[in-house]
Amino acid sequence: MTLAEKTGLFISFEGGEGAGKSTQIRTLAEALRDRGFKVVVTREPGGSPGAEAVRHVLLSGAAEPFGVRMEAILFAAARNDHVEEVIRPALERGEIVLCDRFLDSSRVYQARPAIWSRISSRRCSASRLMASFRS
């Protein structure tokens, strides 16, 4: 018996729009199902009824006036619902969960406004910004 059969397996696909995440997820899901694995395909933000409701709020821009902290809180609430309602139960059943974005995307998208705010307030040059991301 493999690890995935005992406890499930979670794989997230991270990348920007148009990077091919959905294509890779479909390809892998099909290959795994052909080999007899039970596969759940999901996404973030969203993936569960509660998280889809929060996704709608986030993508509509309704949370923007409240700032990046509110957006981060909403993303966290959506993730909690998604994990508790979809991901954890699938893993406990020994299924493989393929997720279009997860924690790494949140780090990038929620950190970006804060990073740009710090940069503009310090009036850093673009070359300094590039150096700070490399180190």
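In this structure a side-chain-to-backbone donor-acceptor pair under 3.5 Å is present from R33 to V39. For the pair R79 (side chain) and F102 (backbone), a donor-acceptor distance under 3.5 Å is present.
Within the 4.5 Å cutoff, side-chain heavy atoms of V97 are placed close to those of T42. Taking 4.5 Å as the limit, some side-chain heavy atom of H82 sits within range of a side-chain heavy atom of I87. At a threshold of 4.5 Å between non-hydrogen side-chain atoms, the residues C99 and E44 count as touching. No side-chain heavy atom of F75 sits less than 4.5 Å from a side-chain heavy atom of I73. Taking 4.5 Å as the limit, every side-chain heavy atom of L74 sits out of range of all side-chain heavy atoms of F66. Under the 4.5 Å side-chain criterion, counting only non-hydrogen atoms from C-beta, L98 is not in contact with V40.
The line from CD1 of I25 to CD1 of I11 is 10.0 Å long, rounded to the nearest 0.5 Å. The distance from atom CD of Q24 to atom CZ of F13, rounded to the nearest 0.5 Å, is 7.0 Å.
Using a 4.0 Å cut-off between charged side-chain N and carboxylate O, R35 and E30 make no salt bridge. We find that E14 and K21 are not joined by a salt bridge, their nearest charged nitrogen and carboxylate oxygen being 4.0 Å or further apart.
Across D81 and A51, no two heavy atoms sit closer than the pair OD2-N, 3.4 Å. Minimum heavy-atom separation, F10 to L91: N-CD2, 3.9 Å.
Judged as a side-chain contact (heavy atoms from CB on, under 4.5 Å), and not counting sequence neighbours, the contacts of R88 are V83, E84, E92. The side-chain contact (heavy atoms from CB on, under 4.5 Å) test applied to L59 returns R55, not counting sequence neighbours. Remark: E64 pairs with E71 by the side-chain contact (heavy atoms from CB on, under 4.5 Å) rule, at least two apart or across chains.
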